[in-house]
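For reference, the structure discussed in these notes is given below.
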Amino acid sequence: MKKGNFILSVLIAFIIYSFNTSCNFISTKADAYPALLKRADTANSAEFANLQQLYKKYVNALEKDSNDYLDKIKLVELYINEARITGNLSYYNNASMQVLNSITENKSVNKDIVYKALAYKATVFLSLHQFADSKKVAEQALQINPYDADIYGALVDANVELGSYDEAVKLCDKMMSIRPDIRSYSRVSYIRQIFGDNKGAIAAMRMAVESGAEGMENTEWARVQLGDLYLNTGHTDTAKMLYESSLFVRPNYPFAEMGLAKMFSIQKQYDSSIVHCKNAIRVISESSFISFLGEQYKKKGDLAKAQEVQHDVLNLMLENEAQNQKEMYTKHNGNRELANAYLHINKLDDALSFAKKDLEMRPNNIDANELVAWIYYLKNEKQLAQTHIEKALATHSQNAALLYKASLIYSSIGDEAKAIDLKTTSFEINSGLQTDNFIAIK
């Protein structure tokens, strides 16, 4: 690779960052409260400056009184917020768990503070993709306080990831009854999407956006999700408007940049897609963003560049996985990400191995079954592909990409009637579906 290569420079920076910031934290006075890291995004510097002031306020209070548990909770809120905004999950998850452990392991802390600490632990476990642990901790918190909407949100998310969809519906209804706000509406939207109600999902996510504060990260996240719902149902112009609106009120927002990257890819404007993808990567070096960039090079016809990028993604993930095993407070479950990384370079046996590990943790999850089904299809193991695609279709999701994959699998086993029906439905949902995304690599 050339010295000035964009992807290599991003990856090297990210690997160095991961090495330097995911070292084990030691609970001494000097580092008991890890500092906020400098953001790659400078467009929202006023917001970050405010957070830095809050950080100093909480740490100063804690240095005077290490038993000020309310300020510990507020500090964890900052860490979780920064993890979401910056993508520096390893650093901030460790920082959060270090502080939270100092609360939950102390028997003298009052139950209201313990509740908050358990609720945030559940959130951190979700970020780590440790879904069973998240559910367990959230249920402990629920025993302390069954009247707070936030804990139902964590339980909704954990049950969705574990494939307990009916239970997630009940919990979401409870959350809505306590506090109908951006967090509740966004979960209603996702559950409606899972059960095949795309129009209802759009309506709920629109309410989520309207109930949030314009320009705040969680509001713009909801606006991008709304854009994705429109994009995935063939309404490209509306999706573009939403992504651009998000960037107008929150410049450099990486998820909005990726929305535009996906939109331009659908329109086969690959150079524009690459530009927006790189914009996102400069803010958050998310492996899925970089993999998407590799796909754009492939679609553009630069196969060598595409493979170079995808191999770099895998190497980055393996480096991070090795470091992950050394963490003191948290360990990230990266099975699904590694499965996709191997899939992008056509190492199907390795991809299947990690996809099956993911599935073992959540055998009823439709996304986990879809991934395993697709890898079996690429390996020409048709019956196993059918078994898992049927589980992926269990909630009657109207995701066009899922239905198109299912059509290919049913066609491979000779059920042409079902294959045609699924294919027809997929294009009715999204007439602009990119079928070249599903061409088997041989």
Side-chain angles (χ1 to χ4, degrees), residues 1 7-8 10-12 14-15 18-19 22 89-90 128-132 161-163 281 285-299 302-327 330-389 391-392 401-402 404-406 408-409 412 436-442:
M1 295 173 66
I7 296 302
L8 180 59
V10 168
L11 290 170
I12 289 174
F14 194 79
I15 290 169
S18 297
F19 179 79
S22 47
L89 299 178
S90 178
L128 294 165
H129 296 179
Q130 301 289 1
F131 307 121
E161 295 295 349
L162 292 169
I281 293 168
S285 299
E286 167 67 41
S287 61
S288 64
F289 293 179
I290 303 173
S291 288
F292 186 86
L293 181 61
E295 292 174 17
Q296 302 318 294
Y297 283 120
K298 179 182 176 183
K299 290 178 179 180
D302 192 343
L303 301 184
K305 182 73 168 180
Q307 282 297 296
E308 179 181 85
V309 170
Q310 300 295 5
H311 278 86
D312 284 342
V313 171
L314 177 59
N315 290 335
L316 166 65
M317 295 190 68
L318 292 174
E319 288 271 355
N320 286 343
E321 185 64 20
Q323 184 63 39
N324 179 49
Q325 298 307 313
K326 302 175 184 177
E327 299 293 2
T330 62
K331 284 185 171 56
H332 176 256
N333 161 31
N335 290 322
R336 184 175 178 84
E337 292 95 331
L338 283 164
N340 278 307
Y342 279 112
L343 183 58
H344 282 303
I345 62 171
N346 199 33
K347 289 193 173 182
L348 299 181
D349 289 337
D350 290 318
L352 181 61
S353 175
F354 283 104
K356 287 171 74 174
K357 288 178 183 178
D358 178 46
L359 187 65
E360 286 170 8
M361 297 179 69
R362 47 190 192 144
N364 296 318
N365 180 273
I366 59 175
D367 296 325
N369 276 285
E370 177 188 354
L371 180 58
V372 169
W374 186 242
I375 297 171
Y376 275 130
Y377 168 75
L378 295 178
K379 286 171 61 67
N380 203 32
E381 298 185 39
K382 303 172 184 177
Q383 296 303 320
L384 287 169
Q386 180 192 6
T387 296
H388 289 285
I389 204 64
K391 292 180 180 179
L402 167 63
Y404 188 82
K405 287 180 181 178
L408 296 178
I409 290 170
S412 73
D436 55 343
N437 289 340
F438 314 115
I439 298 173
I441 309 171
K442 300 296 184 184

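- Nearest heavy-atom pair, Val372 versus Leu352, reported as atom, atom and distance to 0.1 Å: CG1-CD1, 4.2 Å.
- Remark: Arg362 CZ to Asn333 CG distance equals 8.0 Å, nearest 0.5 Å.
- Classification of Glu360 and Lys357 as a salt-bridged pair fails, no side-chain N sitting under 4.0 Å from a carboxylate O.
- Dense packing is recorded around NZ of Lys299, with more than 12 heavy atoms of other residues, nucleotides or ligands lying under 6.0 Å away.
- Listed for the Gln307 side chain is no donor-acceptor partner under 3.5 Å among the backbone atoms of Ile345.
- For the atom pair CG (Leu314) and CG (Leu338), the distance works out to 7.0 Å, reported to the nearest 0.5 Å.
- The shortest heavy-atom contact between Ala355 and Ala339 is N-CB, 3.6 Å.
- You'll find the ring centres of Phe131 and His129 inside the 6.0 Å limit.
- Closest heavy-atom contact between Ile389 and Ala373: N-CB, 3.5 Å.
- With hydrogens and angles disregarded, a donor-acceptor distance shorter than 3.5 Å links the side chain of Asn340 to the backbone of Arg336.
- Atom-to-atom distance recorded for Leu162:CG and Met361:CE is 8.5 Å, nearest 0.5 angstrom.
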Should Lys298 and Glu295 be marked as a salt bridge (charged side-chain N to carboxylate O under 4.0 Å, His left out) after you check the CA-CA gap, both sets of side-chain angles, and the distance that decides it?
CA-CA 5 Å; Lys298 179 182 176 183; Glu295 292 174 17; over 6 Å; no

Evaluation steps, side-chain contact (heavy atoms from CB on, under 4.5 Å), between Leu343 and Leu371:
CA-CA 10 Å; Leu343 183 58; Leu371 180 58; 4.1 Å; yes

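- The shortest heavy-atom contact between Tyr376 and Leu384 is CE2-CD1, 3.5 Å.
- In terms of modelled atom types and a separation under 3.5 Å, the side chain of Asn369 and the main chain of Leu359 share no donor-acceptor contact.
- A distance of 9.0 Å separates NE2 in His344 from OG in Ser287, rounded to the nearest 0.5 Å.
- A donor-acceptor pair under 3.5 Å links the side-chain atoms of Ser412 to the main chain of Ile409, judged by distance alone.
- Pairing each heavy atom of Ala368 with each of Asp358, the nearest pair is CB-OD2, 3.6 Å.
- Looking at Gln130, its side chain does come within 3.5 Å of a backbone N or O of Lys331 through a donor-acceptor pair.
- In this structure, CG on Leu378 lies 9.5 Å from CG on Leu408, to the nearest 0.5 angstrom.
- Going from atom CD of Glu370 over to atom CG of Asn365 covers 10.0 Å, rounded to the nearest 0.5 Å.
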